Structure formats: C-alpha cells, structure tokens
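Scroll down for the structure; my scribbles are underneath it.
Note that the coordinates shown come from a computational prediction; the quantities given were computed from them, not determined experimentally. Numbers restart at 1 for each chain; the letters A, B, ... are given by sequence-line order, proteins then strands.
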2 protein chains.
Amino acid sequence: MVIRDDCLNALKKMEGESIDMVYLDPPFFTQKEQHLKDSDGREYTFSDRWESRESYLRFMRLRLEEIKRVLKKNGSIFLHCDDSASHYLRLIMDEVFGENHFRSEIIWTYKRWSNSRKGLIPGHQTIFYYTKTANFKFNTIYNAYSPTTNIDQILQERVRDTYGKASYKYDDEGNVVLAREKKGVPMSDVWEIPFLNPKAKERTGYPTQKPVELLERIIRISTDPGDCVLDPFCGSGTTLVAAKLLGRNYVGIDSNPSAVRLCGQRLECPAKTESRLLKVGIDSYKTKTEEELALLNTLGCDVVQRNKGIDGILKTYYRNAPVAVKIQKKHESLQEAADLLCRAGNKKRCSFLVLVRTSRSAGDQEAAVPANMIVMDSPELLLENELSNQCSLYGVKSAQML
Amino acid sequence: MVIRDDCLNALKKMEGESIDMVYLDPPFFTQKEQHLKDSDGREYTFSDRWESRESYLRFMRLRLEEIKRVLKKNGSIFLHCDDSASHYLRLIMDEVFGENHFRSEIIWTYKRWSNSRKGLIPGHQTIFYYTKTANFKFNTIYNAYSPTTNIDQILQERVRDTYGKASYKYDDEGNVVLAREKKGVPMSDVWEIPFLNPKAKERTGYPTQKPVELLERIIRISTDPGDCVLDPFCGSGTTLVAAKLLGRNYVGIDSNPSAVRLCGQRLECPAKTESRLLKVGIDSYKTKTEEELALLNTLGCDVVQRNKGIDGILKTYYRNAPVAVKIQKKHESLQEAADLLCRAGNKKRCSFLVLVRTSRSAGDQEAAVPANMIVMDSPELLLENELSNQCSLYGVKSAQML
DNA sequence: CGTCTTTGTGAATCATACC
DNA sequence: AGGTATGATTCACAAAGAC
C-alpha cells in the first residue's frame, strides 16, 4: 500500500501496534533544495530548507511519536541520517524511544568518486537502530569468517583450566574433540554496500535513492516473512521493493505525488515501464542472487541480465553457435524452466541449451525437453545426493542430514 | 613532554595559541570500571563512572574550552568517542568550536573477536574533527585507486563536449593523450584499521589503547613536521609515540601516575606495531581464485584460507562432523590432491571428504581414495563432457570445440 | 532478584615444526 | 639460515548459570 499524504496525517489514521518495523529516511536538514533530472527530462525535487533547526526538530519529533504508537511491542525503528543533524536526531530518539532502547549506530560506508576538496571525502551515512521495548525481534545474519582465522578455532572444542587459561580439548586417546556446528560470524554494525549500481553512476535516479541491499539487511534482521514494514518517507520506494522481494507486507507514505506514482509503478510491473528512470531503479535490484552468479561463474558463463529465459551464455561456442544456460528458480517447476529456456534459446539460435536443476521434485521425470537441451543437477544437489547415499551406506542417519 | 595532572589544571598553565593539533580520547561515559593487566601482571585501571551525565558533560566542556584557548588559529581538534555519548559530545563541540567549524565525522572501523549478543556486533568508533577557524591546516593523503577502477580513467586525459559530456581525449593521429600524473584517491572519512590484537607484542596492557596507525593518520592530515601535538588524556601514550615517529613535538597529560610512567617507557624506544595484517593487507590472506570461490559458494561451503589440504567446510555437518572440501589445483594430479585432502581432513576428524576434479587426465582412474571420500567433477567439466558427447552425436565438430 | 562466576567466542597474533 | 604452513594462545565481553 502506498499513501500520498504528509506522513503525520497518514500515521494518525493508522491503528496502534500494527507495524513490525519502520525505516525512515527523512529530510537531512541540509538546508538545500534537492533536485535531480532523469534523462526523460522529468524533474524530481523536494525541499530540505527549514525556518530553523527547532522547526525541523519539531517536525521530526511529532512524526517519531506517531511512529512509536503504530509500532508493535517487539518492533524496531531505523532512522537514516547523514552527519548534518544526526546528533540532534539521536537526542530526540533517546527522548521518544528511551536511551535504553538504543540498539546500534549502523554505519553504511561506500566509496565514491569525488572532486578534491580540502578535507576528508564523506564516505558514510548513519542509521540509528532503536526498538520499542527491550523484548524485540532480532534475526542474526551470519557472515564468512575472516581470512586470518584458522579452521581449528572453528572446528575444535576448547577447555579452560582453573586459572582461566584456554586450550584445545582432546579425548583420552589424544584425538581432537569436535566443537558443535558453528554458523559463522554475526554481522557487525558497519556495512560496506556500494552506492547504487556502478552502471547507474552517470544516470540519475530519484534523489537520495538507497541500495536495495541496505534495506534488505534491515528488513532481514528485524522482521520475518509476513510481517509489516512501514516507510513514512518512501520516496522512490526502495524500502517497499525490498520488502516485497523478501515477502514482507509494506506501507509507504510520501507527500510527493510523483514519488507515489513512481512507487506504484516500481511495485506493480517494473518490467513494462518506459521511463529511463525506472530502468535505473530496476538495474539496481539484484536480478541474480549470489548463488546464481557463483554457479554461472563455475560453468564458465557470461552473465545475461534481464532475460527471463536465459541466465548466461557459455564463453565457448559449440557448433559455431552460443550455448544458453538457465538456472531453475526456486518457484519454477523443471518443466516451466525448460519451456522458458527453450523459447528464449531458440529465438537466439543457440546450438545447445543447458538447464541446471536446483531442486528435485516428483514431476521432474516427465518433463519434456527438446533434444538439444542438457539438463544437469546443480553441484549442491549432486553433493547432497551423494552425501545422503554415503550416509545410508554407513547405516547411520545423522540428525543434521537432509 | 608528559605531565601528570588533571588536564584542566595543566591546560590552564599552558600558553594560548601554542598547539597545532589536539587529539583526545576521554572517558566515554560507559559507566563502567575499565581495567586491564599487562603481561607482567601489573594492573591499570581507571573509572568511567559518573554521578550523572550532566556532571560528565560539565567535566568535558570545561576542558574543551581550555583546549580551544591553547589551539593555534589554524589548529585542529580530534575528539574520540564511542556511541555511548557521542551525540552529547558533539553538541558541546558545536557550542565550543562552532558548528560551522565541524569538518568530519571520522569512522574508525575494525573487526574484532566476536561474542554472543542479540544484535549487531559493535565494530566502529567515532572521531569528531573540528578546526578552530575556517582557515585551517590540512594535508590531503592520497590512497591507491580501487582495483575496479578503469586504468584509462587514471591515465587518459578527458575532454568535455559542448553539452558537458565527458570523453577520453585523443590527438590528431588518434593516439591516447595521457593525463598529468594523478596522486590517487583522497582519503575518505571511514578508516579501516585493525584493532590492537590481544596477542600483539605492542600491547601495553593499558585499557583503551589505540593503534599507532590511527594516530599517524590524524597527525599527518593536520600537522607538519615540527608542529606541536597535544593529548590531554594520553593514557598509554600512543599519540605521543606516533608524534615522535613523525617528527612532531608533543605534550601528553594524564592524571594517572602509572600511565605517565608507561608513556615515558614507550617514548624511549617508540615503535609502531609490526602488524603483518597492516603491512601486507587482508587480501594477501585470500589465496583463492574467483573460480574457486564461486565453486565453494555453490557447494554451500565456508571458505578455509589457511590450509593446504582443505579449501572449504560445508555449512552443514553430516554424521555430526564437518565435511571438508578440496578443489583440485591446476598443477596437482588427482592423487596428490586426494592425499593432501585426506591428511588434513582426517586430522580434523571430518566425516566425509569431497574432492572436486577440475581436469581430466590419464592417471585419474587409478587414483586411490579412501571410502569416505567423494570425488566429483566440477560443473564446468561435466558440462564440457556432456556438450562434447552431444556434438559427436550430431556428427559435427565445432571449430571452437575443446 | 541482584551480583558474581563461568562459558563461548574468533581475529590476529605468537610459536613451532618442517622443509 | 630463512621461509612457510599451521597449530596454539590471548583478550574482551555478553549471555547463561550459579549463588
């Protein structure tokens, strides 16, 4: 749902304790006019000029108080600032939400081109993370271990002697004792995320547009699928798009009619929109997941973006024609995937078509594929299968076994 | 010079406009007792407990005002905070130095041994950078270009057409026109510097000790050799050590006699940590190629960097033990790879070993592998094989075919 | 229910075995 | 002797457990 209104009005009409998470990216108090043109000549502007800091802060406080009201008891709020007024905003957050409900100062860092000036290049923005109460929803995201870490630490159990000195644990026979399964390193409060898509650099987007990746992280750590996300200054709608991609419900509010229109378009049928501006927005979405990119890479493919039937083209031609590769998506049956690939691949006159199966399901055996299509299992699927077989061979079923 | 006194007293005795730069790392208002032992068992403590925030802020404001007095007109001040009270401190800085003299919010980020915690792992501290006047001393530090930067952008001269569109410049004969030598990318306000490691020899045991590298950057951008640096809460004396190493004069103040003693000792033979990480960079620990990383990723592995026999560990345990994965290297025969994996994997008590074959060669059939080792072909190899078969079926050999 | 103690943790070092 | 590979260790700090 996208609402065109001053968010204060819209918030007042909303039911209390109905929202799981609020992200807001309000005016920064830069005392500047923000405006940007897209290549179709349409101009998006909003004013960030204020009579005084007091009036800006009053504006913010009123809205934050209403936000607190609509938040569920275990809900979270993320307030995006740059360094013009972050200290004032945090004071208000302390007052409205309570300083004991401050959770983190998240730093979003990025590298960007910049003309030389006297001083350091600004390369970060701050997001204040508060929760409504001490009993809040939080999903830990685990990241990879540092390259300096050795595996012993991850795999081996350790003990402490009476002085508190730690050492690795061995059993009576002198063998290593395994630690229980670990999940990786919990995410830090510093997030390095590139500023939009590098390709979008020379194009323009809605002012202050944020990367989807940033919003995805915020949504992931603070909500579950089906929860409701609110963005009271939704702008071009990045928050809503991220929420939709992650299966969350969403409410966006913006007082600017063209922003609301833009959100609606981005959310409904992004592929069909004409505007150059919108395409920029879509480019900045991840159309391929990390796993898909990695898989295409291992197959020796060039990645193809924005084609429903083809994910990659092999770097090597066979029979003097390209070979199209498609990876079965989560929501696709093998037959659906095969049909999409077949249609797209024939149009491009590919010699062979390669379909990578990523999940096994009952109907796969009957899938009808043309003679020039090779269906292969993803490495993960193959390995899973192999390990399952091995496990049953050994006659022992592990608790963690799939 | 190191002075043992409350810095308010010491500052009052100092001459006005005599200092080029002040760095201070005052108590953070954590409301905790800070204490730490050095390796000889000596214990250093200081209290960061306060009656109230007001008393803490009064304490800070008095000292900041004196600091302003002793700063030269073109001088700078760097105030080190964590997120407990940074917003309050910045308010005071705005009042004492003027918000128009705010230059940057420097973010020092680091990775640190983690701990269990509901929420994000703290991985940064903040340094507020103000100058006394608008006419301040600043030395730009240039860093290396990011590896993704197109080399043309650095080396080629560029021109703008009448519409303002930029393009590379060529001379009449179509040759590239070289740009004048560039110095690199000016430093950003986000600094990634390794945290002083628990095993580092340079650790003095004094709480809150900062890395010399951090202070070097601050001193470099704001002062020239021969200038005078002041640290009113000098603690273990890192600022003074960095100043001495860079040929700056220095004044340190601390109320703690053992801190002053420690400073004296460190200054006798000032040294920067021989941090291997800092010297060679995190990338030198990353020994995997893009392809290997992609493959490990598709298999669902955590990457293992510091082991010759193991490239990754599956995220999921089988039979309650880890599964080690190795990718056959170009120069390795299958047998060599299997032996390395076997040795390393058994030492770590892995349940299964997975060897990914990346090239087919004659001797592979005879490779002897243990019962718990799964040898699988890389997806690229599988696909190549499949395509070759298909091609011969079709009875046509492609020119590009392998 | 506070306060003290124990435990789990992983980054980046030191230490040592092995060429 | 020098370098490399990798095992071992320290520390801070939140959470759980003990008292």
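- Residue-level contact check: B/Arg112 touches the backbone only, with heavy atoms under 4.0 Å from sugar-phosphate atoms and none from bases.
- Comparing D/dG7, C/dA12, D/dT10 by their closest approach to the side chain of B/Asn197 singles out C/dA12.
- Residue whose closest nucleotide on DNA chain D sits further toward the 5' end, between A/Arg158 and B/Asn307: B/Asn307.
- The interatomic distance linking B/Tyr110 (OH) with C/dG10 (P) rounds to 18 Å, in whole Å.
- As judged by a 4.0 angstrom heavy-atom cut-off over every strand, A/Tyr142 is placed among residues making no nucleic acid contact.
- Between A/Gln153 atom CD and D/dC11 atom P there is a gap of 15 Å when expressed in whole angstrom units.
- Ranking D/dA15, D/dA12, C/dA12 by closeness to the B/Lys118 side chain, first place goes to D/dA15.
- Atom pair A/Ile151:CD1 and D/dG7:P shows a separation of 7 Å (rounding to whole Å applied).
- Rounding to whole angstrom units, NZ of residue B/Lys286 and P of C/dA12 are separated by 11 Å.
- Checked by distance alone, A/Arg160 brings a side-chain donor or acceptor within 3.5 Å of a matching partner on the base of C/dG8.
- Screening A/Ile106, A/Ile107, A/Thr109 against B/His124 for a side-chain contact (heavy atoms from CB on, under 4.5 Å) leaves a single residue, A/Ile107.
- The aromatic ring centres of A/Tyr23 and A/Phe78 sit 6.0 Å or more apart.
- With the nearest nucleotide of DNA chain C identified for both A/Ser146 and A/Glu157, A/Glu157 has the one nearer the 5' end.
- In this structure, B/Lys347 reaches the sugar-phosphate backbone alone: every heavy-atom distance under 4.0 Å involves primed, P, OP1 or OP2 atoms, never a base.
- Backbone-only engagement by A/Tyr145 is indicated by non-hydrogen atom pairs under 4.0 Å involving sugar-phosphate atoms exclusively.
- In this model, the phosphate group of D/dT4 is not approached by any side-chain N or O of B/Lys308 to a distance below 4.0 Å at OP1 or OP2.
- Scanning for side chain to side chain donor-acceptor pair (under 3.5 Å) contacts around B/Gln335 gives B/Asp339, with sequence neighbours left out.
- Taking atom CG on A/Asp152 and atom C1' on C/dT16, their separation rounds to 14 Å, with Å as the unit.
- Salt bridge present: A/Glu192 and A/Lys111 bring a charged side-chain N and a carboxylate O closer than 4.0 Å.
- Contact annotation for A/Thr148: base contact, defined as any heavy-atom pair under 4.0 Å involving a base atom.
- Considering only the side chain of B/Lys199, D/dT10 comes nearest among D/dG7, C/dA11, D/dT10.
- Regarding B/Tyr285, its OH atom lies at a distance of 8 Å from the P atom of C/dA12, rounded to whole Å.
- Contact annotation: B/Arg306 does not reach the phosphate of C/dG10 (side-chain N/O to OP1 or OP2, under 4.0 Å).
- Closest to the side chain of B/Lys111, from the set C/dA12, D/dT10, C/dG8, is C/dA12.
- At a threshold of 4.0 angstrom between heavy atoms, the contacts of A/Gly184 are confined to the sugar-phosphate backbone, with no base atom among them.
- One atom, CD1 of B/Ile121, and another, C1' of C/dA11, lie 12 Å apart when rounded to the nearest Å.
- Taking every side-chain heavy atom of B/Trp113 into account, D/dC11 is the closest of C/dT7, C/dT13, D/dC11.
- Regarding A/Lys183, its NZ atom lies at a distance of 15 Å from the P atom of C/dG8, rounded to whole Å.
- Side-chain contact check for B/Ser258 and B/Asn256: at least one donor-acceptor pair (N or O, by modelled atom type) lies under 3.5 Å.
- For the residue pair A/His101/A/Asp94, the side-chain donor-acceptor check at 3.5 Å is not satisfied.
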